[in-house]
Every structure is written in structure tokens, then in C-alpha cells.
Amino acid sequence: RMEAWRGAAAAATPAPSEEAGAEEVRREPTIVEEGLAARMEAWNKCDRKRSREARAILNEELYPVVEQRGYELPSSCPLAKQSDMYLDNELHKREVRYANWKCTYCQKVFKSEHFLEQHFQNRHPYTVMRDAVCLGDYCELLECDLFRRSDDKKGAA
């Protein structure tokens, strides 16, 4: 399928004019290609594991207090739920059995959350929110390492 797509893309590329001679003709990337490139760049910079840890802290510590008091975080707040670049992916994950995860975009099942996240990156790259926040970047502020250690102690008790 990919070879056919590449062939079609190559056929759609305009041939160099005779005036250009040996110079390579560059075509401008389409809006779709630019958007996908931006998402892939953001994906490469954002640590999913750290983002998951930060999201767990926010879900356990911040969001319940905000909701309990009747507040709403503004959309400009980087810790607001709607600012999370992986929010849509998180909404499309389901743990179906112990350590088995399902992609609800396409219904495929994976043996670990890690493989599901790789699947999101490879098969559903358009689902990462553009111009959104990598929650993993806030782990120092949220003390993700301390939170993880306290979870480890709870599991050992």
C-alpha cells in the first residue's frame, strides 16, 4: 500500500522545466504534510511515560480539587485537561485484560500499553493535538519521581 502511495506521490510531483536544467525542483509541502510533520516532531520531543505520570498526578491531586470547588481551569492553563497533547489517545485506550490494551480507533489489541502507544504513533499520528502541551515537561513541578516512589511503596505494603 505504501509503495503505491509513494508512486502516486512521485507521479504528482511536477517534472522540472527545461529552463531549470539539472537543478532540482522543490514542491511546497501540503498542509496535511506540514501538520503531520509538526505532530511527529512534537511526538519525538515528548516523553509519553513522563506525560502519563504527570497526568496521573493531575487526575489524582489537582482535577478533583478544582471540580470539588466548582472551578474550571482556563484553556490557556498548560495543566488544563484540554491542553494535553495525548488527551485524544488516552481517551482511545482501553485495558481489556491484565496488561492487554485495545486501540478504540481501530479495535486492535496489544500486549502492553507501550506497544499501543507505538501503534498510535505509527498508525494514528493525526490524533496528537497540534500546539498542545507535553505534560511530561511539567514532571519537575509535579514531582513525578516522588509520586512514583510513593506508589511503589503502596504496592509493596
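These numbers come from a predicted model, not from an experiment.
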Salt bridge (Lys or Arg N to Asp or Glu O under 4.0 Å) partners for Glu113, two or more places apart: Arg52, Lys93
Distance col, row Lys45:NZ vs Cys134:SG, nearest 0.5 angstrom, shows 10.5 Å
Does some side-chain heavy atom of Arg55 sit less than 4.5 Å from a side-chain heavy atom of Glu90? yes
When you compare the side chain of Ser51 with that of Tyr138, does any pair of heavy atoms fall below 4.5 Å? no
Taking Arg50 first and then Glu143, would you say they form a salt bridge - that is, a charged N and a carboxylate O separated by under 4.0 Å? no
Nearest heavy-atom pair of [X] and [Y]: which atoms, and what distance?
{"X": "Met85", "Y": "Val128", "answer": "CE-CG1, 3.6 Å"}
{"X": "Ile57", "Y": "Cys144", "answer": "CD1-CA, 3.6 Å"}
{"X": "Lys111", "Y": "Asn100", "answer": "CA-OD1, 3.5 Å"}
{"X": "Trp101", "Y": "Ser112", "answer": "CD1-C, 3.5 Å"}
{"X": "Leu142", "Y": "Leu58", "answer": "CD2-CD2, 4.0 Å"}
{"X": "Leu87", "Y": "Lys81", "answer": "CD2-O, 3.5 Å"}

Evaluate Val133 against Asp84 for side-chain contact (heavy atoms from CB on, under 4.5 Å), listing each step before the verdict. CA-CA 5 Å; Val133 173; Asp84 180 1; over 6 Å; no
Measure up the Phe120 and Tyr105 rings against each other and bin them: parallel (under 30°), tilted (30 to 60°), perpendicular (over 60°). perpendicular
Check the surroundings of atom CD in Glu140: do more than 12 heavy atoms from other residues, nucleotides or ligands lie under 6.0 Å from it? no
Taking everything shown except Glu72 itself, do over 12 heavy atoms lie less than 6.0 Å from its CD? no
ring-ring contact (aromatic ring centres under 6.0 Å, His included) partners for Phe110, two or more places apart: His119
List in chain and number order the residues that pass ring-ring contact (aromatic ring centres under 6.0 Å, His included) with Tyr63, two or more places apart in sequence or in another chain; answer none if no residue qualifies. none
Hydrophobic clusters here meaning ILVMFWY residues chained together by side-chain heavy-atom distances under 4.5 Å, can you tell me if [X] and [Y] are in one?
{"X": "Tyr71", "Y": "Leu79", "result": "yes"}
{"X": "Leu116", "Y": "Val96", "result": "no"}
{"X": "Leu141", "Y": "Leu62", "result": "yes"}

With Asn89 as reference, evaluate Glu117, Arg48, Gln121 under the side chain to side chain donor-acceptor pair (under 3.5 Å) test and give the passing residue. Arg48
Ser83 side chain to Cys77 main-chain N or O, any donor-acceptor pair under 3.5 Å? yes
Test applied, side-chain contact (heavy atoms from CB on, under 4.5 Å); reference residue, Cys103; option that passes from Arg94, His92, His124: His124
